Amino acid sequence: MIQPERIKSLNDIAAKNGAYVLYWMQQSQRASANPALELAISEANQRRLPVVVCFGLMADYPEANARHYTFMLQGLRDVDQQLRKRGIAFVVKLGRPDTVALSLSADAALLICDRGYLRHQKFWRHNVALKADCAVIQVEGDLVVPVELVSDKAEYAARTIRPRILRNRDEFLTDCVDGEADIPSIDIGLESDIDVADVERVIETLNVDRSVRPVRRFAGGTSEARARLETFIRNGLDGYADGRNEPSEWQCSFMSPYLHFGQISPVELALEVKDASDGQRNDKASYLEELIVRRELAANFVHFQPDYDRFDVLPSWARRTLHEHASDRREYPYTSAELERAETHDPFWNAAMREMVHTGFMHNYMRMYWGKKILEWSPTPEAAFATTLHLNNTYFLDGRDPSSYAAVAWCFGLHDRAWAERSIFGKIRFMNAAGLQRKFDMDRYITEVDKLVAAEKR
DNA sequence: ATCGGCTCGCGCAA
DNA sequence: TGCGCGAAGCCGAT
């Protein structure tokens, strides 16, 4: 069952005669627990038509490199196999997603798309709705509670959005059953431009930026996501509330890269955790807080603040206090190149940076410390913001995600409160190495990162 | 080990 | 209009 609040018509055109119902896949890169796909199947079955799923693969997706493409293509290979088993054609065309969707919409009775909150994702959908000559229907499948239902404005903090989300949460935590397409489309005669399973050839063809290498630590795809989730529920959920912050343990689900590419449904994830036999009540609550309240606060942020990647998006008290301290003396004025090479005086920070550069991931607690130090060590707060976001989007598999933009801005005061005033930070929350050492086994974090980095260089 | 102070502004009660 | 309180903080006092 798909909640009606997930579904929205993007134009005023009625359904027409056509050869198939088209699902234009972009954000929700999965063939299971995908409400947009399920709506397409059900609309097609009602019309006695086949369903076609298309995907536009572009060479210059904003800030993407070989690391991101490899992970995404591993996921699309999963999608291809799963759809094939169900008799559904998966048509991958080279080109901008909206262009690909529009060209295939010419023969479609109806076009169904998923939903994204970043500026380019919204623009593509807007463009398709404007130019298509068939009905365009959008289905939200990557948040638990649809963003407009929660709030009509940028929320100030977790505490203001939490009650709004929790009011609606359980109504949207329902299974999405994978249905059967009555009429196969596999032999309909639509061919892909390229075989997504041949990752190396795709990267070659698209001439993707290879300066950032793929990682061994994470393989993309829905089946990999589900296997990791099962491992987390079995081994990591019990004690999660207390253990999740210990950097040397990585007691986390590692779902953020998979959620970023839509390879797993947050609803499925939440239901699995909620109904798990492992884990205490507070461990589950803590995980659901991260997955739903904080992740959807980030979605609220990028949706209502189109300047989510600019310093000026910060709340006025944060901008004011940072400007008042913009000319404070910097004790460690590192260049962004020195930071990128992990060449600072701080061994904890260097370890975090190495985890990021070599493995595409960083422990969540260290992400906060990492960003705070870039603020402390950069010539201006604006430069620090730009450097943090650039490194974030270049190296993280889950970079360029709403959660990334919110997390970076959090380091500069977003969704936070003022604290005791001090040099450089002003009233922005401060973090230091002494705090890390007081609370955590930081020597072990460094040793563990060394092992991870060695495994990548194998 | 634990606690209060630091500081801003939202949301609710009145 | 007043008041309670919050996403991870630090620091000094007890």
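This is a predicted model, so every value here is computed, not measured. Letters go in sequence order (proteins before strands), and every chain restarts at 1.
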From C-beta outward on A/K153, which listed nucleotide comes closest to its side chain: B/dG11, B/dG9, C/dA7? B/dG11
Answer yes if the ring centres of A/W124 and A/Y61 are under 6.0 angstrom apart, and no otherwise. yes
When the distance from CD of A/E324 to P of B/dT7 is rounded to whole Å, what number comes out? 13 Å
Suppose you measure atom P in B/dC3 against the same atom in C/dC5; what distance do you get, rounded to whole Å? 16 Å
Interatomic distance, A/E155 CD vs B/dG9 P [rounded to whole Å]: 16 Å
Go through residues 415-436 of chain A and report each residue with a non-hydrogen atom lying under 4.0 Å from DNA chain B, sorted by number. A/R417, A/A418, A/W419, A/A420, A/K427
Atom-to-atom span, CD of A/Q437 to P of C/dC10 - whole angstrom: 12 Å
What is the separation between atom NZ on A/K373 and atom P on C/dA8, rounded to the nearest whole Å? 17 Å
Salt bridge (Lys or Arg N to Asp or Glu O under 4.0 Å) between A/R354 and A/D450, worked out: CA-CA 8 Å; A/R354 278 156 54 75; A/D450 283 343; 2.8 Å; yes
Rounded to the nearest Å, what distance is computed from the CZ atom of residue A/F440 to the P atom of nucleotide C/dA8? 13 Å
Check for me whether the distance between the ring centres of A/Y332 and A/H345 falls short of 6.0 Å. yes
Looking for any heavy atom pair under 4.0 Å, which part of the strands does A/R367 touch: base, sugar-phosphate only, or nothing? nothing
Whole-Å gap separating C1' (B/dC10) and CG (A/L414): 15 Å
With P as the reference atom in both, quote the distance from B/dC10 to C/dG9 in angstrom, rounded to an integer. 24 Å
Are A/R162 and C/dA7 close enough that a side-chain N or O sits under 4.0 Å from OP1 or OP2? yes
Distance, P atom - from C/dG4 to B/dG4, rounded to whole angstrom: 15 Å
Between A/Y117 and A/F301, is the ring centre distance below 6.0 Å? no
Should C/dC11 form a Watson-Crick or G-U wobble pair with both distances under 3.5 Å, which nucleotide is its partner? B/dG4
Return the value, rounded to whole Å, for the distance between atom NZ of A/K439 and atom P of B/dA1. 15 Å
Indicate, with a heavy-atom threshold strictly under 4.0 Å, whether A/R164 touches base, sugar-phosphate, or nothing. nothing
note: A/I165, atom CD1; C/dA7, atom C1'; distance rounded to Å ~ 13 Å
CG (A/D78) and CZ (A/R30) are apart, to the nearest 0.5 Å, by 12.5 Å
Measuring only the P atom in each nucleotide, how far is B/dT7 from C/dT1? A whole number of Å is fine. 25 Å
Within the side chain of A/N393, is there an N or O that forms a donor-acceptor pair under 3.5 Å with the backbone of A/R400? yes
When A/E148 is tested against each of A/R6, A/R115, A/K153 for salt bridge (Lys or Arg N to Asp or Glu O under 4.0 Å), which residue passes? A/R115
Aromatic rings A/F261 and A/F71: how do their planes relate, parallel, tilted or perpendicular, breaks at 30° and 60°? tilted
C/dC10 phosphate, OP1 or OP2, under 4.0 Å from A/Y369 side-chain N/O: no
